[in-house]
Protein chains: 2
Amino acid sequence: MPDMPPLGDTGLAFVRHDHSHCAKDTLARADALSNARGARMTPVRRRTLEILLESHKAMGAYDVLERLVADGFGNQPPVAYRALEFLVEQGLAHRIRRLNAFAACMHPGEAHVPVFLICTSCQLVAEAPADDVRGAMDAAAASIGFVIERTNVEAVGRCPACRGNRACR
Amino acid sequence: MPDMPPLGDTGLAFVRHDHSHCAKDTLARADALSNARGARMTPVRRRTLEILLESHKAMGAYDVLERLVADGFGNQPPVAYRALEFLVEQGLAHRIRRLNAFAACMHPGEAHVPVFLICTSCQLVAEAPADDVRGAMDAAAASIGFVIERTNVEAVGRCPACRGNRACR
DNA sequence: GTTGACTTGTTATGCTATAACATACGATAT
DNA sequence: ATATCGTATGTTATAGCATAACAAGTCAAC
Ligand SMILES: [Zn+2]
Ligand SMILES: [Zn+2]
Ligand SMILES: [Zn+2]
Ligand SMILES: [Zn+2]
């Protein structure tokens, strides 16, 4: 694969790339990770992850549900919410609170602080590497004796492609 | 005021302090700011800010609404949402997405990147100063050509008081 | 006093999320 | 084998969050 970005594939979402390979690879890593942990990657859960991996956009639970229904799974909200909850717990997906939506994790198994860059034009969501963001937050918190357990760090703005295009996609 | 924290009152929410003074002062600054800008601080809007300022907790729109109703304002959701929207636009309140709730800004008029520390035990929310958090985010974004417009940075964890108490408050 | 911009009230609806219970499945132990 | 137990899924019902759209009131400028 000659014109793929290097392994530090930050912001891959905003770069033209072989997404089918990208998705397949991430799914494989997720499977391996689940196996190694003894977590049960059941059909609904795996299908839910596949659906999230179809694009670098975030999906609402009800959108995921629609897709699951089409595949013959139960058609009530808990079906989607439970599968998504499992994926989030396993670090295979992230919840994007700003969008009330979920996105597949592009770095499953790698220790990383998810920082999301959300393009307001094309709706793509990239997971940026920002370990120093977490460092800065820990420092600020520590200065007042607060101990951080979990974080949500999200930013909306415009991706390189959309800033280039007048009309955007 | 001898035992008040110094002006860099970060994490004030987690420190015992003269909150009535804290609230009155913040409200006064908000009023001044609105005046200076020609923004219309109408009765509902001002009352909404007062309600948010009653504590350092975040409040859901429907909780705010209940209070507004008790004061004789309209009792439909848009009444609360519109007032809250105004306050957020004017930088007098912040939306805490993780909680689907709103909190008064404790630094109105000061340029600041809101970083919220949310205690899972006592529900208090502090606005920490973390300009280097924004710096780190901008750097990460810039490295892939993304331009950040707005951010949500939130952390849940435990505040100093709650870590000290076995049973918490 | 009429116009026009803005604010508030009100109706109605849509979207997001979870509690609670029933059923099915799969592994383990007797 | 079959009883048992934990886990996963299906299903019903409801709770919680948010906004569109229109009507009615307010206020200042012309
Ligand atoms: Zn991809
Ligand atoms: Zn991730
Ligand atoms: Zn205070
Ligand atoms: Zn603030």
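Lettering follows sequence order; numbering is per chain, from 1.
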**Asked** Given B:Cys22 and B:His56, is the side chain to side chain contact (heavy atoms under 4.5 Å, CB included) satisfied, shown in steps?
**Response** CA-CA 10 Å; B:Cys22 162; B:His56 288 281; 3.6 Å; yes
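Regarding B:Leu99, its CG atom lies at a distance of 14 Å from the P atom of C:dA17, rounded to whole Å. When the P atom of D:dG16 is taken as reference, atom CE of B:Met59 falls 15 Å away, rounded to whole Å. Separating the CD atom of B:Glu85 from the P atom of C:dC6 is a distance of 14 Å, rounded to the nearest angstrom. Atoms CD (A:Glu89) and C1' (D:dT7) sit 13 Å apart, rounded to a whole Å. C:dT8 atom P lies 14 Å from atom CG of B:Leu65, rounded to whole Å. When the P atom of C:dC15 is taken as reference, atom CD of A:Glu66 falls 10 Å away, rounded to whole Å. If you take CZ of B:Phe73 and P of C:dT7, they are 15 Å apart, rounded to a whole angstrom. Distance CG (A:Asp71) to P (D:dT9): 14 Å, rounded to an integer number of Å.
Both A:Met41 and A:Leu84 belong to a single network of hydrophobic side chains, linked directly or stepwise wherever heavy atoms of I, L, V, M, F, W or Y lie under 4.5 Å apart. Cluster annotation: A:Leu33 and A:Leu52 are assigned to the same hydrophobic cluster (Ile/Leu/Val/Met/Phe/Trp/Tyr, side-chain heavy-atom contacts under 4.5 Å, transitive). B:Leu92 and B:Ile96 fall into different hydrophobic clusters, where Ile, Leu, Val, Met, Phe, Trp and Tyr residues are linked whenever their side-chain heavy atoms come under 4.5 Å apart, directly or through other members.
Remark: B:Phe102 pairs with no residue by the ring pair (Phe, Tyr, Trp, His ring centres under 6.0 Å) rule, at least two apart or across chains. When the side-chain hydrogen bond (donor to acceptor under 3.5 Å, both in side chains) test is applied to B:Asp25, the partners found at least two apart in sequence or on another chain are B:Arg29. Scored by the side-chain hydrogen bond (donor to acceptor under 3.5 Å, both in side chains) test, B:Glu50 finds B:Arg46, B:Arg47 as partners (sequence neighbours excluded).
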Pairs under 3.5 angstrom only: tabulate donor-acceptor contacts from the side chains of residues 141-154 of chain A to other protein residues two or more places apart or in another chain.
{"residue": "A:Ser143", "atom": "OG", "partner": "A:Ala140", "partner atom": "O", "Å": "2.7"}
{"residue": "A:Asn152", "atom": "OD1", "partner": "B:Arg98", "partner atom": "NH1", "Å": "2.6"}
{"residue": "A:Glu154", "atom": "OE1", "partner": "A:Arg98", "partner atom": "N", "Å": "2.9"}
{"residue": "A:Glu154", "atom": "OE2", "partner": "A:Arg97", "partner atom": "N", "Å": "2.8"}

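In terms of position along DNA chain D, the nucleotide closest to A:Phe86 lies nearer the 5' end than the nucleotide closest to the other residue of the pair A:Asn75 and A:Phe86.
Among the protein residues, B:Val79 comes within range of the nucleic acid bases, having at least one heavy atom under 4.0 Å from a base atom.
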**Item:** Footprint string (nucleotides 18-30 of chain D, 5' to 3'): B base within contact, S backbone only, - free, heavy atoms under 4.0 Å
**Value:** BBBB---------
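At a threshold of 4.0 Å, the pair B:Arg134-B:Asp138 counts as salt-bridged, since one of the basic side-chain nitrogens sits closer than that to a carboxylate oxygen.
Across its full length, the helix from C:dG1-D:dC30 to C:dT30-D:dA1 shows an angle of 10° between the axes of its 5 terminal pairs at either end, rounded to 10 degrees.
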